[in-house]
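All residue numbers refer to positions in the sequence shown, counting from 1.
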Amino acid sequence: MICGLVAFTGCGGSGDPIPMLVPVTGMVEYLGKPLAGAAVSFSPQQAAETGSQRTSLGRTDENGVFTLMYNADYEGAIIGSHIVRISKLEGTDEEPGGEMLPSKYNAQSTLTETVSADGTNDFFFQLKK
């Protein structure tokens, strides 16, 4: 069930309107196994040019499954092409370590996906070394 969400005021008093959003889910595997605790972000490619679109974020659960959030109150991502970044730090929340994934998945991401208004936005990422 894909439906758009349109709101006219943002949260936190920013006054920025919430754009049309669609639900985005997915799964991440690393070396053939679900990757738990990874940060997943979808950054609109047009944001690099205009700086006007917010990145949607999610975190994988123990099964490598994620759901993107536009902000604390709104689920989903804007429609269009996105640069996808997946990051997983070694260590714990109390004592984080360095990045465990190759930079081609995060800092220098080569991953892209298109979020569709009328399609199923459920993405599967199989990451390798």
Side-chain angles (χ1 to χ4, degrees):
M1 175 164 94
I2 303 295
C3 63
L5 174 63
V6 179
F8 295 103
T9 60
C11 68
S14 69
D16 293 335
I18 301 298
M20 183 173 166
L21 302 172
V22 294
V24 176
T25 58
M27 181 179 177
V28 179
E29 285 186 353
Y30 183 57
L31 303 177
K33 297 179 183 174
L35 183 62
V40 179
S41 69
F42 275 51
S43 298
Q45 287 188 328
Q46 66 188 20
E49 299 164 7
T50 65
S52 65
Q53 299 294 330
R54 182 187 304 231
T55 296
S56 292
L57 305 169
R59 182 164 299 277
T60 58
D61 66 13
E62 64 277 355
N63 297 311
V65 175
F66 67 89
T67 298
L68 292 184
M69 298 294 294
Y70 183 74
N71 62 24
D73 297 322
Y74 295 98
E75 183 178 310
I78 68 164
I79 297 163
S81 294
H82 293 260
I83 298 169
V84 179
R85 291 180 178 84
I86 303 171
S87 175
K88 168 77 173 157
L89 298 180
E90 296 178 300
T92 64
D93 286 340
E94 294 79 26
E95 294 185 38
E99 177 64 56
M100 70 175 273
L101 299 176
S103 64
K104 67 183 176 182
Y105 300 128
N106 43 69
Q108 298 172 354
S109 182
T110 59
L111 300 173
T112 60
E113 290 293 348
T114 299
V115 174
S116 172
D118 57 357
T120 301
N121 295 298
D122 188 35
F123 301 100
F124 181 54
F125 300 98
Q126 291 181 295
L127 310 182
K128 300 176 182 173
K129 282 223 173 232

Sequence neighbours left out, what pairs pass ring-ring contact (aromatic ring centres under 6.0 Å, His included) with at least one residue falling in residues 82-107?
Phe42-His82
Over all atoms of both residues, closest heavy-atom pair of Gly76 and Ser56
O-OG, 2.8 Å
Tell me the closest heavy-atom pair linking Leu89 and Pro96, and the distance in Å.
CD1-CB, 4.2 Å
Who pairs with Thr92 by side-chain contact (heavy atoms from CB on, under 4.5 Å), at least two apart in sequence or on another chain?
Glu94, Glu95
Taking Thr60 for the side chain and Ala38 for the main chain, is one N or O donor matched with an acceptor at less than 3.5 Å?
yes
Can you measure from NZ (Lys104) to CZ (Arg85) and round to the nearest 0.5 angstrom?
16.0 Å
Please report the interatomic distance OG1(Thr110) to CD1(Ile83), rounded to the nearest 0.5 Å.
10.5 Å
Pairwise distance CZ(Phe123) to CG(Leu68) - rounded to 0.5 angstrom:
8.5 Å
Does Phe125 have any ring-ring contact (aromatic ring centres under 6.0 Å, His included) partners at least two apart in sequence or in another chain, and if so, which?
none
Who are the side-chain contact (heavy atoms from CB on, under 4.5 Å) partners of Thr112, not counting sequence neighbours?
Gln45
Heavy atoms, side chains only, cut-off 4.5 Å: are Ile78 and Leu21 in contact?
yes
Test side-chain hydrogen bond (donor to acceptor under 3.5 Å, both in side chains) applied to Ser87 - qualifying residues, sequence neighbours left out:
Glu99
Can you sort out the partners of Gln126 under side-chain contact (heavy atoms from CB on, under 4.5 Å), two or more places apart, ordered by chain and number?
Glu29, Phe124
For Lys129, check side-chain contact (heavy atoms from CB on, under 4.5 Å) against everything at least two apart and list the hits.
Tyr30, Leu31
Considering all heavy atoms, the nearest Arg59-Gly37 contact:
NH1-O, 2.8 Å
Sub-4.5 Å side-chain heavy-atom contact between Leu101 and Leu35
yes
Tell me whether Val28 is reachable from Leu111 by hopping between hydrophobic residues (I, L, V, M, F, W, Y) whose side-chain heavy atoms are closer than 4.5 Å.
yes
Run the side-chain hydrogen bond (donor to acceptor under 3.5 Å, both in side chains) test against Thr25 and tell me which residues pass, sequence neighbours left out.
Asp122
Can you confirm whether Met27 sits close enough to Pro34 that some side-chain heavy atom of one is under 4.5 Å from a side-chain heavy atom of the other?
yes
Separation of Ser81 OG from Glu113 CD (nearest 0.5 Å)
9.5 Å
Return the CD1 to CG distance between Ile18 and Asn71, rounded to the nearest 0.5 Å.
5.0 Å
